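So you know, we letter chains A, B, ... as the sequences are listed, proteins then strands, and number each from 1. Model, not experiment: these values are computed from the prediction.
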There are 2 protein chains.
Amino acid sequence: MRIRTATDLGAFIRERRTKLGMDQAALAKKAGTSRKWLVEVEQGKPGAEIGLILRTLKSLEISIAVEADSPVETPSLGKAKAPDINSVLDSLKKRTVKKQI
Amino acid sequence: MRIRTATDLGAFIRERRTKLGMDQAALAKKAGTSRKWLVEVEQGKPGAEIGLILRTLKSLEISIAVEADSPVETPSLGKAKAPDINSVLDSLKKRTVKKQI
DNA sequence: CGAAATAGTAATCGAACGGTGACAGATTGT
DNA sequence: ACAATCTGTCACCGTTCGATTACTATTTCG
C-alpha cells in the first residue's frame, strides 16, 4: 500500500493489527510503546516519531520500502528537454557533489 | 529499498538528495523544515516526526510503500486450509469494524 | 592563497511528544 | 441485565523535538 500521509499509515497499521487478532494493548506492549501512543498513531498523528513507527511495523511484520519515483529527473516526455542535462552539469560545475570520485 | 531503521531512511534521503543536485538548504526549504533537522534526519535520527519525514520524501519524489510480510491467511481459491478461516472468523466475531456506518 | 558554498554543530526556547493512570463509551458473550 | 473486553479520551509531567541563529570545518575553484 502506498503511504502518503500519516493517516494512511495509521489506517494500515490498524488494519494489519486487527487482521492479526491483536488488540491495542498487545501491540503496544510488543512494540514497546504505550497504548495511548498507538491510539493516536492509528488516528494519523503526524507528530509520531519514526523510530517508534518502525518498531511498530516490525511488530506487525510489515515491511516498508522506499523508491525514487523518477530515475533522476523526468527526462523524455515529449518536449526536447535537453536543458535537464545542462542544468545537471551546471550544478555539478558550481560545486561538485564532493562525494563523487 | 527496504527500510528497517531510521539510519536506512536517512541514508536513502541523502542519496536521493545528492542525486537530484540539491543541497540541504534547498531540500529543507522545499520540505518546509529546517536545515538542522534535515542534517539530523540524514544521520538517522529516530525521533524525527513522521509528518516531516513524509513531506521530505514527497519533496524528493520518493514513494513509500508498506506491505504485510505474512498474509495472515491465504484466501486462495478452494484450498484445503480450514484453520485459517476459523481464526479469521473468530477474530471477526470478537469485534467488527465498529466505526462503520 | 583566499573566497564562496556546503555541511556539521552548539545554545536557546517554545511547543509537542510519549508514558502513566484513570475514566467513560461501545461491543460482545453469559 | 451483567460482566468482560476493547477503545477513546483526559490530566499531569518529564523529556525531547524542531526552529532559529549563530559559528566552525571542509571542499572546491579562481
Return the value, rounded to whole Å, for the distance between atom CG of A:L27 and atom P of C:dG18.
15 Å

Distance, rounded to the nearest Å, where A:E42 contributes CD and D:dG8 contributes P
7 Å

Does the side chain of B:K45 get closer than 4.0 angstrom to OP1 or OP2 of D:dT16 through an N or O atom?
no

Scanning both residues in full, the closest heavy-atom pair of B:I50 with A:L9 reads CG1-CD2, 4.2 Å

Work out which heavy atom in B:R16 is nearest to a heavy atom in A:A68; give both atom names and the distance.
NH1-CB, 3.4 Å

Within the structure shown, what part of the strands sits under 4.0 Å from B:G32 by heavy-atom distance: base, sugar-phosphate, or nothing?
sugar-phosphate

D:dT7, OP1 or OP2 - any side-chain N/O from A:R17 closer than 4.0 Å?
yes

Could you check which of C:dG8, D:dG18, D:dG8 has an atom nearest any side-chain atom of B:Q24?
C:dG8

Rounded to 10°, the helix from C:dC1-D:dG30 to C:dT30-D:dA1 deviates from straight, judged by its five-pair end axes, by 50°

Smallest heavy-atom separation, A:G44 atom then A:A6 atom, equals O-CB, 3.3 Å

Ignoring hydrogens and angles, write down the donor-acceptor pairs under 3.5 Å from the side chains of residues 36-43 of chain A, residues two or more places apart or on other chains.
{"from": "A:K36", "atom 1": "NZ", "to": "A:E40", "atom 2": "OE2", "distance (Å)": "2.8"}
{"from": "A:E40", "atom 1": "OE1", "to": "A:K45", "atom 2": "NZ", "distance (Å)": "2.9"}
{"from": "A:E42", "atom 1": "OE1", "to": "A:R14", "atom 2": "NH1", "distance (Å)": "3.3"}
{"from": "A:E42", "atom 1": "OE1", "to": "A:R17", "atom 2": "NH2", "distance (Å)": "3.2"}
{"from": "A:E42", "atom 1": "OE2", "to": "A:R17", "atom 2": "NE", "distance (Å)": "2.6"}
{"from": "A:E42", "atom 1": "OE2", "to": "A:R17", "atom 2": "NH2", "distance (Å)": "3.4"}

Nearest-Å distance for atom pair CD/C1', residues B:E49 and C:dG18
12 Å

Round to a whole Å and report the spacing from CD1 of B:I50 to P of D:dC17.
15 Å

What's the CZ-P distance between A:R55 and C:dG18, to the nearest Å?
11 Å

Looking at residues at least two apart in the chain, or sitting in another chain, which of them share a side-chain hydrogen bond (donor to acceptor under 3.5 Å, both in side chains) with A:T7?
none

Which residues pass the side-chain contact (heavy atoms from CB on, under 4.5 Å) test with A:K30, sequence neighbours left out?
A:M22, A:S59

Any pair counted as salt bridge (Lys or Arg N to Asp or Glu O under 4.0 Å), so long as it reaches residues 50-59 of chain A, sequence neighbours left out
none

Assign a letter to each nucleotide of nucleotides 9-15 of chain D from its 5' end: B, base within under 4.0 Å of a protein heavy atom; S, sugar-phosphate only; -, no contact.
BBB----

Does the side chain of A:E49 come within less than 4.5 Å of B:P46's, by heavy atoms?
no

Using atom CG of A:D23 as one end and atom P of C:dT28 as the other, report the distance to the nearest whole Å.
15 Å

Any side-chain heavy-atom pair of A:D69 and B:I62 under 4.5 Å
no

Of all the nucleotides listed (C:dT6, C:dG18, D:dG18), which has the minimum atom distance to the side chain of B:L52?
D:dG18

Gap between atoms CD and P, on A:E40 and C:dT20 respectively (whole Å):
14 Å

